[in-house]
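Each chain gets a letter, A, B and so on, in the order its sequence line appears, and its residues count up from 1. If you're wondering where the values come from, they're calculated on a predicted model, not measured in any experiment.
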Amino acid sequence: MLLDDLNVEQRLAAECNEGPVLIIAGAGSGKTRTLTYRIAHLIEKGVDPFNILALTFTNKAANEMKERISELVGDKARYIWMGTFHSVFSKILRIEADRLGYLNTFTVYDSEDSKGLIRSIVKEFNLDEKVYNKSFILGRISMSKSNLISAQDYIDNPTFASEDRSINKPYIGQIYREYNSRLRRAMAMDFDDLLFNMNVLLRDYPDLLLKYQEKFKYILVDEYQDTNYSQYYIIKKLSARYRNICVVGDDAQSIYAFRGANIRNILDFQKDYPDSKIFKLEQNYRSTKNIVNAANSVIERNIGKIEKKVWTDNDLGKKINYKECDSDKNEAKWICNTIVDRKLNDDAKYKDFAILYRTNQQSRSLEESLRFMNIPYRIFSGVSFYGRKEIKDVLSYFRLVVNNFDDEAFLRIINFPSRGIGETSLNKLKIIAAENSISLFEAAMTLDSQSGISTRTVQLIIDFVTAIRVFTLELSKIDAFELGVKIISKSGIIKFLKNDEDPISAERIENVEELINALQAFVESEEDAILDELTGEEISLNNKTLDVFVQQVSLMSESDRDDDKDDDRVSLMTIHSAKGLEFPYVFVCGMEENLFPNVLSLGSRVELEEERRLFYVAMTRAKKELALSCAQMRFRNGQMAFNEKSRFLDDVDPKYLSDEFFNSKSSKKSNPFAQETNFGLSPKRKLSKIDLPLPKPIGGVPVESMEDFSEGMEVCHDKFGLGKIVCLEGKGDDMKAEVMFESAGLKKLVLRFAKLKLKK
DNA sequence: AGGTACTTATAGAGT
DNA sequence: ATAAGTACCT
């Protein structure tokens, strides 16, 4: 019997098919397993897979779950609608595009496109770009859309109006409205529109509401703690008829409030559905007792949470390894050494290790060390493949072919590679487009001698749009691979890169080639699912054409990309992207104040608690061994930063930590200046010199000024001991020295901080 | 119009 | 440190 593989609670949760169900699933409690069996069970009981909608947090999670369900119930699993909110609803929006006055070839603007558009609007409004910071404005618009506040609602709302006036930005509402009409003109939606417009569809078209209520008789939502209001409302409406709504989540792992996720959605589920059944999965199957208990001791510090007790039957395991390093470089080195050691003595594979960090930029020093040690690795975050310049350029060609109205794509490639269409002509074209409320492409197509643009340039522009039009006409005739390759070769991007001497260009060509491979893989991939047996109208969406490729790619994240599971590599990623994953050995590095918790989250308890949940997520990724590390100084944003150890380290109950923690802790206590002297101000720990370990009075003569140092001089350092200056660079506060120490080896020191003394 | 040299903003997680 | 934007010169 299918459900025999589950424990009692899991099984009860999986069997309870009808009505609203809330599953609170602690970290490592077999949530995916339960969901998988729940869906398989539904199908076994005779529910048509067409009637199941399962929403996951990443496309990868969806694909994996689908595979596992196929193993249980066979091929029909592929008819389940499964994917992220954004991908599933963008599919539906494409099917119903005409209701909203859109073509089904609409493109999805990423945040870069959105910011570009906001910037042009701010300029056109003659507003100060510094006051109307594009990221800030987009954040405001995004928050509004996620809460189903339209531009008109925003403008009419007196609270927003006075708020915006008080921060000296009274025109945000107007920008919001213009932004939306320009999106529409470009036949584009931004990420939030995919959810907002889905709500519009369900609100304004009762026939569609009924159609999708009937289609999705069974709805499941994973990671429910990270849904925003807009997502919540779609689910609420779709499930209103059959009320078979099952949500799964863990409030302790809610880490996306910054993106508008509302933890109240999961906390208030029982209020929304008073007849709902609740199941708590509290047994952890993933980690050792030490890890589970240590993580519990951390999360207990948070005030706002659902009470639950995660426990495990697993072995006690090792204590949590703690390492304090002097620099980010040595932190990376220590991690590499530990990996090599475990591989040797523990018979581990590279793919058993993950290195997690708070911010993407931390990957750099790690990469250097890994490469130096010849350890194979893979970065799962950072500048995503699809975010790279050359890939965005190529995709902009694709986008413009698919949707001629796509202004941001147009602007990106109209003169790249350069074809003699300069700023002056482009500005004239922009004015024509604005005056007639048409897209740049339309304006370009109708250019004539009246435009004020030189005849030669007009011809160049016409040539460009004509070439794009030719490809557009081929869209439905040839597949994505064939057309994509044609466009790339015609675009001249490869030629441009080949002529470029910059060594980075060779890498860029490789990336374009990888995109071509992705096109091929897309064309050869199996049909994912037939969309709708009832209407049949969406068959064309399943073709392997370029528009479908572009649609898919624009909603893809780095972690969704194909990877060889057999590839034996160490994984590097942010803690956010590690959500839902597990590894035998986990390193959480950069455990420092201002980095983790991040300096931007220190302002409020709510934000600090989210950071702490993030730490909880990081810890609970580990199955067998967990290591925490920090560095006294770290290269960050172009300069050396000195930070205290993270307060989160003190949140971990010391009985689960290795001895090294106490040794380093006592050294901290011996520093009388480590006490905060904030004069009764908010208890923020600040970056400041007094946080540094004070020099211990060992031999040596302090210098009068930095200029007293010279190459070859013998010096004394509190920590590294005796050494000789190899070379000096910079001057004043920025003066640095490379010093060869007798015991510690070659170090590069910032003299202002190193407190070197002359040898007696 | 296009390229180079300088200036300035941005350094938080990601659909 | 890096990317993007601007000024200025061919």
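Atom C1' of nucleotide B/dG2 and atom CZ of A/F416 are separated by 14 Å, given to the nearest angstrom. Here the C1' atom of nucleotide B/dT15 and the NZ atom of A/K60 are 16 Å apart, to the nearest Å. Put simply, CD on A/E129 is 10 Å from P on B/dA9, counting in whole angstrom units. Here the C1' atom of nucleotide B/dA9 and the CG atom of A/N637 are 12 Å apart, to the nearest Å. If you take CG of A/D113 and P of C/dA4, they are 13 Å apart, rounded to a whole angstrom. With rounding to whole Å, A/R613 atom CZ is found 20 Å from B/dG12 atom P. For A/E112 and B/dT15, the CD to P distance is 15 Å, given to the nearest whole Å. The separation between A/L411 atom CG and C/dA4 atom P is 15 Å, rounded to whole Å.
Each of B/dG14, B/dG2, C/dT6 was ranked by its minimum atom distance to the side chain of A/R119; first place goes to C/dT6. Comparing B/dG12, B/dT15, B/dA13 against the side chain of A/R259 picks out B/dT15 as the nearest. Each of B/dA13, B/dT15, B/dT10 was ranked by its minimum atom distance to the side chain of A/T359; first place goes to B/dA13. The side chain of A/T84 lies closest to B/dT15, out of B/dT15, B/dA1, B/dG12. The listed nucleotides are B/dA1, B/dT10, B/dT15; the one nearest the side chain of A/H86 is B/dT15. Which of B/dT15, B/dG14, B/dG3 sits closest to the side chain of A/S418 comes down to B/dG3. Closest to the A/K130 side chain, of the nucleotides B/dT15, B/dG12, B/dA9, is B/dA9. Which of B/dG2, B/dG12, B/dA13 sits closest to the side chain of A/N360 comes down to B/dA13.
At the heavy-atom level, A/E423 lies under 4.0 Å from the strands shown only through sugar-phosphate atoms.
We find that the ring of A/Y256 and the base of B/dG14 do not stack by the test of centres under 5.5 angstrom and planes tilted less than 30°.
Within the 4.0 Å cut-off from OP1 or OP2 of B/dA1, at least one side-chain nitrogen or oxygen of A/S425 is found. Phosphate contact (OP1/OP2 of B/dG12, side-chain N/O of A/Q361, threshold under 4.0 Å): present. In this model, the phosphate group of B/dT10 is not approached by any side-chain N or O of A/R636 to a distance below 4.0 Å at OP1 or OP2. Taking only side-chain nitrogens and oxygens, A/S577 comes nearer than 4.0 Å to OP1 or OP2 of B/dG14. The side chain of A/R364 places an N or O atom within less than 4.0 Å of a non-bridging phosphate oxygen (OP1 or OP2) of C/dT2. Taking side-chain N and O atoms only, A/S111 has no distance below 4.0 Å to OP1 or OP2 of B/dT15.
Between A/E609 and A/R301 no salt bridge is recorded (no basic side-chain N to carboxylate O distance below 4.0 Å). Here A/K134 does not pair with A/E112 in a salt bridge; the nearest charged N to carboxylate O distance is not below 4.0 Å. Comment: A/K579 engages A/D226 in a salt bridge, judged by a side-chain N to carboxylate O separation of less than 4.0 angstrom.
Relative ring orientation between A/F57 and A/Y256 is described as tilted, the plane-to-plane angle lying within the 30° to 60° band. Taking the six-membered ring for Trp and thresholds of 30 and 60 degrees, A/F216 and A/Y212 have nearly parallel ring planes, at less than 30 degrees apart.
Residue A/G420 is the one, among A/G420 and A/N133, whose nearest nucleotide of DNA chain B lies closer to the 5' end (criterion: closest heavy atom). Nucleotides of DNA chain B nearest to A/N415 and A/H576 differ in position, and the one nearer the 5' end is that of A/N415.
Here A/F496 and A/F416 bring their ring centres to under 6.0 angstrom of each other.
For B/dG14, the base has no donor-acceptor partner in the side chain of A/T574 [N/O atoms by modelled type, under 3.5 angstrom]. A donor-acceptor contact under 3.5 Å links the side chain of A/E611 to the base of B/dG12.
Partners of A/D250 according to the salt bridge (Lys or Arg N to Asp or Glu O under 4.0 Å) rule, which considers only residues two or more places apart in sequence or in another chain, are A/K308.
Taking the P atoms as reference points, C/dA4 lies 16 Å from B/dA13, given to the whole Å.
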